[in-house]
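Notes follow once the structure below has been shown.
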Amino acid sequence: QVQLEESGGGLVQAGGSLTLSCTTSGRAFSSYAMGWFRQAPGKEREFVAGFSWGGHSTYYSGSVKGRFVISRQNAKNTVVLQMNSLKPEDTDVYYCVADNLGDRRITQSVGYWGKGTLVTVSS
């Protein structure tokens, strides 16, 4: 019932910034939690950032905290991940995720995943 589509990936030099967007469509409740995971070839998916329902409570992995900012644009049905001070190790496919979790935090068991957008950070 919920479709997620990421955009905004691309090539950026180390230290630069990039903004990812996730547009949502279909039936979604206001209580849905949303966030981002990332994955490099041959590696496991890694949690990046997320927010509880309403987008008022946000949380980040230690590797991106202070550099990335997640926000929810309700009027546009869009979730944004602002990535700053990018490092080569941030090179991954980034996935938007969502599920009806209310105030609970997202995990890899979330029900909805986007197809991903590639972020490449050159050194």
Side-chain angles (χ1 to χ4, degrees):
Q1 283 75 17
V2 177
Q3 292 80 46
L4 308 173
E5 184 173 351
E6 306 92 339
S7 63
L11 175 65
V12 64
Q13 290 187 322
S17 299
L18 199 63
T19 301
L20 304 183
S21 296
C22 174
T23 58
T24 65
S25 62
R27 185 74 166 86
F29 296 101
S30 61
S31 61
Y32 268 51
M34 300 185 69
W36 296 85
F37 278 78
R38 64 186 183 184
Q39 184 176 33
K43 299 181 66 177
E44 297 181 351
R45 289 176 176 173
E46 176 189 13
F47 166 77
V48 178
F51 59 77
S52 61
W53 73 273
H56 298 296
S57 180
T58 60
Y59 44 97
Y60 303 85
S61 70
S63 62
V64 306
K65 190 174 184 179
R67 298 189 298 121
F68 292 9
V69 179
I70 187 172
S71 62
R72 185 175 187 174
Q73 301 177 2
N74 291 326
K76 299 181 179 180
N77 300 117
T78 301
V79 177
V80 173
L81 183 68
Q82 176 65 48
M83 305 184 295
N84 304 305
S85 301
L86 285 163
K87 306 174 182 179
E89 49 263 45
D90 293 320
T91 296
D92 287 304
V93 175
Y94 285 72
Y95 297 90
C96 180
V97 300
D99 210 341
N100 187 12
L101 302 176
D103 289 332
R104 301 187 299 277
R105 296 189 174 189
I106 60 171
T107 67
Q108 292 193 56
S109 62
V110 294
Y112 300 99
W113 293 74
K115 295 182 179 180
T117 184
L118 177 63
V119 172
T120 302
V121 183
S122 62
S123 59

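With contacts defined as side-chain heavy-atom distances shorter than 4.5 Å, the pair Thr78/Thr24 does not qualify. Looking at heavy atoms from C-beta onward, Leu20 lies in side-chain contact with Met83 at the 4.5 angstrom threshold. For the pair Val12/Ser17, no side-chain contact is recorded, criterion being any heavy-atom separation below 4.5 Å from C-beta on. Proximity of Glu44 to Gln108: side-chain heavy atoms (C-beta onward) are nowhere separated by under 4.5 Å. In this structure, Ile106 and Phe37 have side chains that are in contact, with non-hydrogen atoms separated by less than 4.5 Å.
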request  = Go through the steps for Val79 and Ile70 under the test side chain to side chain contact (heavy atoms under 4.5 Å, CB included), then give the verdict.
outcome  = CA-CA 7 Å; Val79 177; Ile70 187 172; 4.0 Å; yes

task = Check the pair Ser25 / Val2 against side chain to side chain contact (heavy atoms under 4.5 Å, CB included), numbers first and verdict last.
result = CA-CA 6 Å; Ser25 62; Val2 177; over 6 Å; no

ask   = Does the pair Val80 and Gln73 meet the rule for a side chain to side chain contact (heavy atoms under 4.5 Å, CB included), with working shown?
value = CA-CA 8 Å; Val80 173; Gln73 301 177 2; 3.4 Å; yes

task = Given side chain to side chain contact (heavy atoms under 4.5 Å, CB included), test Tyr112 with Met34 step by step and report yes or no.
result = CA-CA 9 Å; Tyr112 300 99; Met34 300 185 69; over 6 Å; no

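Interatomic distance, Ser71 OG to Leu81 CG, rounded to the nearest 0.5 Å: 8.5 Å. Between atom OH of residue Tyr32 and atom OG of residue Ser52 there is a gap of 15.5 Å, rounded to the nearest 0.5 Å. The distance from the OG atom of Ser85 to the CZ atom of Arg67 is 7.0 Å, given to the nearest 0.5 Å. Expressed to the nearest 0.5 Å, how far OH of Tyr95 lies from CH2 of Trp113 amounts to 8.5 Å.
Here the closest heavy-atom approach between residue Cys96 and residue Trp36 is recorded as N-CE3, 3.8 Å. Closest heavy-atom contact between Ser122 and Leu11: CB-CD1, 4.2 Å.
Side-chain N/O atoms of Gln82 and Thr19 include a donor and acceptor closer than 3.5 Å.
When atom types are taken as modelled, the side chain of Glu6 and the backbone of Cys22 share no donor-acceptor pair closer than 3.5 angstrom. Between the Arg45 side chain and the Arg38 main chain, no donor and acceptor come within less than 3.5 Å of each other. Formation of a donor-acceptor pair under 3.5 Å by the Thr91 side chain with backbone atoms of Thr120 is not found in this model. In terms of modelled atom types and a separation under 3.5 Å, the side chain of Arg105 and the main chain of Leu101 share no donor-acceptor contact.
The cationic group of Arg72 does not satisfy the cation-pi geometry with Phe51, failing either the under 6.0 Å distance to the six-membered ring centre or the 45° limit from the ring axis.
In the hydrophobic clustering of ILVMFWY residues, with side-chain heavy atoms under 4.5 Å counting as a link, Val119 and Val69 come out together.
Ion pair Asp92/Lys43 not flagged as a salt bridge, since none of the NZ, NE, NH1 or NH2 atoms sits closer than 4.0 Å to an Asp/Glu carboxylate oxygen. Under 4.0 Å is where a charged nitrogen must lie from a carboxylate oxygen, and between Asp99 and Arg104 no such pair does.
The side-chain hydrogen bond (donor to acceptor under 3.5 Å, both in side chains) search around Ser123 returns none, not counting sequence neighbours. Not a single salt bridge (charged side-chain N to carboxylate O under 4.0 Å, His left out) links Glu5 to another residue, sequence neighbours left out.
Aromatic ring orientation, Tyr94 versus Phe68: tilted (interplanar angle from 30° to 60°).
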